[in-house]
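If you're wondering where the values come from, they're calculated on a predicted model, not measured in any experiment.
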Amino acid sequence: MSEAKYGFYGWETADVLPKAPKYRSAGNPRNLYDILSGIWCRETCAPRMQDEWSEDNKTLGQCSITAFLVQDIYGGKVYGILRPGGNYHCYNAVDGRVFDLTSEQFGDEAASLCYEGNPEQFREVHFAKEEKRLRYECLRKRLEEVLNV
């Protein structure tokens, strides 16, 4: 039986396992993507994008909170691609593997994103915005409910 193909950047090599024992049942990032696909929602989407969020584009506006949750689970670092308008699109690098669970939000433009030479991102900076911290906590809580941890 062949493995399903995913649309997020780096899915082919996203074979890391959780470093946090609490999240062991999350499996690898492909499995986590499957779980998150059932819990990403308008409430966890960045406020400026909520009107555009849909079931067809679940990853829209979910990048930073997802990347920091991925960091909680697998370790590694969060990096950001500077986007027009001055915001950073966040993704993960863990044990030499780079992957971006929310890259699909960019559609065809995703192929032009550069995942090299980007600045590291820090939760203290991102979560200085209370709404972002609260969205992260909401996403984490939903994940923990699904994983029963």
Aromatic ring pairing Y115/Y9, orientation class (parallel under 30°, perpendicular over 60°, tilted between):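 It falls in the parallel class, under 30°.
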
According to the interplanar angle, ranging from 0 to 90°, do the rings of Y74 and F99 count as parallel (below 30°), tilted (30 to 60°) or perpendicular (above 60°)?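 Taking F99 first and then Y74, their aromatic rings stand perpendicular (interplane angle over 60°).
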
Distance from [X] atom [atom1] to [Y] atom [atom2], nearest 0.5 Å?
X	Y	atom1	atom2	answer
E104	S37	CD	OG	7.5 Å
Y6	D34	OH	CG	3.5 Å
Q121	Q71	CD	CD	11.0 Å
I73	F68	CD1	CZ	14.0 Å
L143	I39	CG	CD1	5.0 Å
L147	I35	CG	CD1	5.0 Å

D15-T13 side chain donor-acceptor pair, cut-off 3.5 Å: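 Their side chains do not contain a donor-acceptor pair, so the 3.5 Å distance test is not met.
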
Looking at E137 and R133, is there a salt bridge between them, counting it only when a charged N and a carboxylate O are closer than 4.0 Å?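 Judged by the 4.0 Å cut-off on N to carboxylate O distance, R133 and E137 do form a salt bridge.
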
SB check R42 D51 (cutoff 4.0 Å):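 D51 and R42: not salt-bridged.
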
Within a strict 4.5 Å, meaning less than it, do heavy atoms of the E52 and C45 side chains meet?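 Heavy-atom side-chain distance check fails, nothing below 4.5 Å.
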
Can you find a pair of side-chain heavy atoms, one from T59 and one from F106, that are under 4.5 Å apart?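 Heavy-atom side-chain distance check fails, nothing below 4.5 Å.
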
How far apart are the C-alpha atoms of T66 and W40, what are their side-chain angles, what is the distance that settles it, and do they pass the side-chain hydrogen bond (donor to acceptor under 3.5 Å, both in side chains) test? CA-CA 9 Å; T66 299; W40 279 315; 3.0 Å; yes

At their closest point, which heavy atom of V78 faces which heavy atom of C90, and how far apart are they?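 That closest heavy-atom pairing would be CG1-CB, 3.9 Å.
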
Ignoring hydrogens and angles, tell me if any N or O in the side chain of R140 forms a donor-acceptor pair with the backbone of L69 under 3.5 Å.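 Between the backbone of L69 and the side chain of R140 there is no qualifying donor-acceptor contact (under 3.5 Å).
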
Donor-acceptor pair, side chain of R97 and main chain of G10, under 3.5 angstrom: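 Looks like no, no N/O pair under 3.5 Å.
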
Considering residues, nucleotides and ligands other than E116, do more than 12 of their heavy atoms fall under 6.0 Å from its CD?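 For E116, atom CD is not crowded (no more than 12 foreign heavy atoms under 6.0 Å).
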
Could you walk me through whether D100 and H89 pass the side chain to side chain contact (heavy atoms under 4.5 Å, CB included) test, one step at a time? CA-CA 9 Å; D100 180 356; H89 171 68; 2.6 Å; yes

